[in-house]
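One structure below.
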Amino acid sequence: MNSPYHPDKVEQRAQSFWRESRSFEVTEEPDKEKFYCLTMFPYPSGKLHMGHVRVFTISDVIARYQRMQGKHVLQPMGWDAFGMPAENAAIQRGVPPAQWTYRNIQDMRVQMQRLGYAYDWTREIATCRPEYYRWEQWLFTRMFRRGLVYRKNSVVNWDPVDQTVLANEQVIEGRGWRSNALVERREIPQWFMKITAYADELLDELDRMPGWPEPVKTMQRNWIGRSEGLELEFPVEGTDESLEVFTTRPDTLMGVTYMAVAAEHPLAVRVAKHDPAIAAFIDECRKSDAAEATLQTMEKKGMPLGIAAIHPLSGEKVPLWVANFVLMSYGTGAVMAVPGHDERDWEFANKHGLPIVQVIAPEDGTDIDIEAGAFVEHGILVNSGEYDGLNFDAACDAIARHFEETGRGRRTVNYRLRDWGISRQRYWGAPIPIVYCEDCDAVPVPDDQLPVVLPEDVEFTGVGSPLKDMPEFLETPCPGCGRPARRETDTFDTFVESSWYFARYACPDSDRAMLDSRAAYWMPVDQYTGGIEHAILHLLYSRFFQRVMRDEGLSETSEPFTNLLTQGMVLKDGAKMSKAKGNTVDPQELIEKYGADTVRLFMIFTAPPEQALEWSDEGVQGSFRFLKRFWNSVQMHAQSGPAAPVDHDSLGAAQRDLRRKTHQTIAKISDDIGRRYTFNTAVAAAMELLNSVNRFEDRSAAGQSVVQEALEAIVLTLSPIVPHICHALWEALGHESALIDEPWPKTDDRALEQELIEIVVQVNGKLRGRISVAADADDAAVREAALGDANVQRFVDGRAIRKTIVVPGRLVNVVV
RNA sequence: GCCGGGAUGGCGGAACUGGUAGACGCGCCGGACUCAAAAUCCGGUUCUGGCAACAGAGUGAGAGUUCGAUUCUCUCUCCCGGCACCA
C-alpha cells in the first residue's frame, strides 16, 4: 500500500528523532577532526525572511555534508540582538526594546526549528544578555589599557528639530526621517578603536587566505587602501604655521596651483570669524549628512579664503580655498590641488578660473592639451625646474629626498582605512564601560564591577537616551578616586557584538573568561556563510577583533574564518527583499503549505549560492512536485520487497547503463557540494537520475537491485538538502539504522567504465556530425571515423583539409 | 563619485580547464486518464525557414585574440551590493 507524501508528518518524525537522540549536540573530542560551520547570526526582527532561510539552508547543507564525510561538526545559532529596530518598535508600539527583542527571539527560534537545521541549540547566544556583553566591555577596558581605544571629536548627523543624532539610514535626501528637517553635520566626542594599528597585518594576511572569494579580498584591500607617498608642509603666508598635506603624486608637486581645506578645518574656522561670507559658506557645507556617498556626489563647491600658502619648492604663493569635498575626518583635512594631472582638481580649477599647469608629459612624446582635460597617467616631468626630464619613480625619489633633507616633509604610508568609531548615542546597546570623573577624566570600569548592566525596564520615547534620566544608572563613584562621578551613556556600535560572537559559541557559558580552552578546539570557523553585503565592515571588524583577542592571550588564532561563502541576496521584482521595501514573502506560509523540505529545496535549486536569487512562486511548486515524485518512486520500489545487492558482472547493458548513471551522479554531486559549492547543479543531477530510474522498466531481480542502488544514492546525496524526506525514505528502503549517521556514498570505478563514447565533429568550427567510437580509440582512428561521417563529407566536399584538431574524448574539428 | 559583482530561450538557471550553447526546473502547447475539473503520467518547446532531413542566426552592445569564445583582452550600456551610524 503506497502512503502519499505528507510533509508535516514526515518532518515532525524526523525532527523528533534528531531531538531525542541529540543528534546535533557536540562537545570537544580532540581525537576527531572538527568542522565548525557557521552562519552570520540574524537580527531578531520578528519573523524569518527569505534571506534568512536561504543562508541557513546553504550552511546546513554544508554542515550535514561534512558530517557525512566523517567530521565532528559544530553548527550553532544565536541572535545579534541589539540595534535600532527595537528602539523604533518601542516608539511605535510602546513596548520596551528588551521585551520586543526577547519575544522576537522566541518566535524566530520556533520558525527555525520547523526548518530542521542541524543546530546545537545548547550553545544559543543573545548579544543583549549581560553574560554576553560583559566580555566585550571587559575587552574594551583591556584595549583602553593597551592604548587601542581613545576619544576624539567626530562627525554625526544632527537633526536640529528632534535634537537627536541620526543614523545614515534615517536621513532621507538630506532630511531627518521623522522631523523632515535638513540634517546638519555636527562634531561630538566619541570613542574609537585603533583598527589602523592592524592595517598592515589585515592587508598582508589577505594574500594567505585561499578560502576567501577573490572579490571580497579585493574589496578589503581597497578599503584598507594602503598608499605610499609624501607628507609635506606648505607654510601659510604671514604666519608661522604650516599646512600639512599627503600626496601619492609628489612628481606633480610643481603643478600645484591652489590648495583646499575642509569646512571644519581650524584655518577656515579662523577666517570665518571676521569674514561673514566664509562663515555662511561653512554653515552651508555643514548642511549635509555625513555619508561618504553623499559627500562624493555633491556638487563641488568652494570659496577662496583670501590667504595663501607658500609653495615649498618654488616659493610662489598658492591661494587657499575652503571646499565641501575635502573631509576633515580623512587625512589632514587639507589637500594640494594639481589641476593639470587630477580630474577632480581640473574640474574645480576650470569652474573657478584657477590656473592649470602641465608638469607631466607622456613618455612617448605625444603632445597633450592640458586645457582640454587632466593628464593623469605617469610620465616625464616638464616645467619643474631641476626635476625636468625625470620619470615618475626618479622624480618621486628626488623630491622626497629634498623634503627629508630640509625636514619639511617625509615619506610615509597612508591608509584609507580609518579608526573605528564605536560610540552610539542610543539606548538599546551595550553600555560603554567608562566613568567620567572631574579629577580622573575618563576611567574604565574595573573588572569586579563588570558588567555595566543596561537597565531593561525603561520607558523609551525616542527623544534622547533614557539612560540620561536615570540617576541610578548615571551616578556612581569614580573607580579611581571614589568621588561622585557619572557613567558614559553612549552604547557600543552593534558591530562590536558581532565581531567576536563566533568565538563565544565555543564556550557560551564561560563566566570566568571571555574565551576558554574550548575555543582553542573549535576555532577558527571552518566555513562561514553570510550575505555579500557584509564583505567589508563586519568581516574586517571580526578579523580585527580576533587579533585583539589573540594579542590579549585569549586565542592563538589570527584569522577567524578559514573559508568564506558569500551568498547572494533574495530579490523580488529586481530589488532586495526587505521590510523597508515591502516586497517580502513570508516563509512561514510556504512551510505550512508545502513543508520545510520544499522550501529548502527551492532555495538550493533555484540559483547557485553566490548569485542573487530572484523569487518565483511557481518554482516552489516545482520543488514540491519533485519531492512527491521522489517519494512515490521509492514507495513503489519498496513494495516489491528487499532487493539483493548488485552483482556487477551479471548485469545486462541497460542495467549497466543505469548503474553507470548512478555512479556518475554520485561523483558529480560529491564534486558539486564538496568542491564547487554549486548545490543547484547537484539537485539537477539527482533529478536526472530519478528520471532515469522512472524510465527504467526492468522488474527482474537484477533490475531491482540496480534501482535500489540508484534510489539509495539519491536519498544519501540529497539528504543534506532535504533531510526530512530522506530520513523517511531511507527507512522505506529497508534500513534499520538512521540516515543521519550514514556516511557519504562512494563511487565504484567499475560501474563508471564505458566502451563507446560519442565524439562531436566540426567543420570550420561548426557542428556537422556525431560519431561513436571506442573509448580507447587513438587520435588517428578518431580522425578517420570523423572524416567518414556522411554529413562531414558533404561539408568537406573535396576541399583541401588545412588541419584537423582532435580533442581526446570530446571533438574533432576539420579546418578546410 | 569610488570599490566589487552581474547580464545566456517566455522565466530561474546549465555549460567546471577556450571545445556539442540552452542540462535540470518553471511556464506554455499537444496527448493519455476523467462525466468533468484538479492531480498525475507521456510527448514537444531558443529563434527563422522547411513535412522532414537539414540549413541560417543566436549568450547586454561594439571591437580583438583563436582552428574554435557564454568562457580570454579592450571599450561601452544597463542592473545589483558596499561606501564607515541599517544589520
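Residue numbers begin at 1 in each chain, while the letters A, B, ... track the order of the sequences. Because the structure is predicted, anything quoted here is derived from the model rather than measured.
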Value in whole Å for how far the C1' atom of B:rA23 lies from CG of A:N691: 11 Å
Side chain of A:F795 - closest among B:rG12, B:rA55, B:rG82: B:rA55
Residue met sooner reading RNA chain B from 5', once A:Q621 and A:W223 are mapped to nucleotides: A:Q621
Any donor-acceptor N/O pair, A:D672 side chain to A:N680 backbone, under 3.5 Å: no
Mate of B:rG10 where both pairing distances stay under 3.5 Å, Watson-Crick or G-U: B:rC26
Below 4.0 Å: OP1/OP2 of B:rG56 and any side-chain N or O of A:R768: yes
Below 4.0 Å: OP1/OP2 of B:rC86 and any side-chain N or O of A:N88: no
Nearest-Å distance for atom pair CD/P, residues A:E610 and B:rG4: 17 Å
Nucleotide paired to B:rC83 in any strand shown, Watson-Crick or G-U, under 3.5 Å: B:rG1
Distance in angstrom units between A:N157 CG and B:rC86 C1', rounded: 13 Å
Base B:rC67 paired with A:N813 side chain (donor-acceptor, <3.5 Å): yes
No-H, no-angle donor-acceptor pair, A:R802 side chain to B:rC67 base, under 3.5 Å: no
Presence of A:R424 side-chain N/O under 4.0 Å of B:rC86 phosphate oxygens OP1/OP2: no
Quiz item: A:Q425 side-chain donor-acceptor pair to B:rC85 base, under 3.5 Å: yes
Flag for A:T294-A:D289: side-chain donor and acceptor within less than 3.5 Å: yes
Whole-Å distance separating the CD atom of A:E169 from the P atom of B:rG82: 10 Å
Ion pair check, A:E758 and A:R770, cut-off under 4.0 Å: yes
A:Q762 side chain, from C-beta outward: closest of B:rA84, B:rG81, B:rG19: B:rG19
Phosphate-side-chain proximity, A:K766 and B:rC54, N/O vs OP1/OP2 below 4.0 Å: no
Whole-Å gap separating P (B:rC3) and NE2 (A:H534): 23 Å
OP1 or OP2 of B:rG4 under 4.0 Å from side-chain N/O of A:N222: yes
A:R629 and A:N632 side chains, donor-acceptor separation under 3.5 Å: no
Along RNA chain B (nearest heavy atom to each residue), the more 5'-positioned of A:L767 and A:V216: A:V216
Quiz item: A:R625 side-chain donor-acceptor pair to B:rU40 base, under 3.5 Å: no
Syn/anti state of B:rG9 by chi, 90° boundary around 0: syn
Spacing of A:L564 atom CG relative to B:rG4 atom C1', expressed in whole Å: 14 Å
Side-chain N,O (A:S616) to OP1/OP2 (B:rC26) below 4.0 Å: no
Heavy-atom check, side chain of A:W191 versus side chain of A:E488, under 4.5 Å: yes
Partner nucleotide of B:rA53 by Watson-Crick or wobble geometry (both distances under 3.5 Å): none
A:N414 and A:S227 side chains, donor-acceptor separation under 3.5 Å: no
Distance test, side-chain N/O of A:N680 to OP1/OP2 of B:rG12, below 4.0 Å: no
Distance-only donor-acceptor test, A:E618 side-chain atoms vs B:rC28 base atoms, 3.5 Å: no
Given B:rA23, B:rG82, B:rC67, the nucleotide with the shortest approach to the side chain of A:A684: B:rA23
Side-chain donor-acceptor contact under 3.5 Å, A:Q567 with A:Q611: no
Touch class at under 4.0 angstrom, heavy-atom based, for A:F495 against every strand present: base
A:D289 CG - B:rC83 C1' separation (whole Å): 12 Å
Any A:Q296 side-chain nitrogen or oxygen under 4.0 Å from OP1 or OP2 of B:rC83: no
Rounded distance in Å - NZ (A:K194) to P (B:rA84): 23 Å
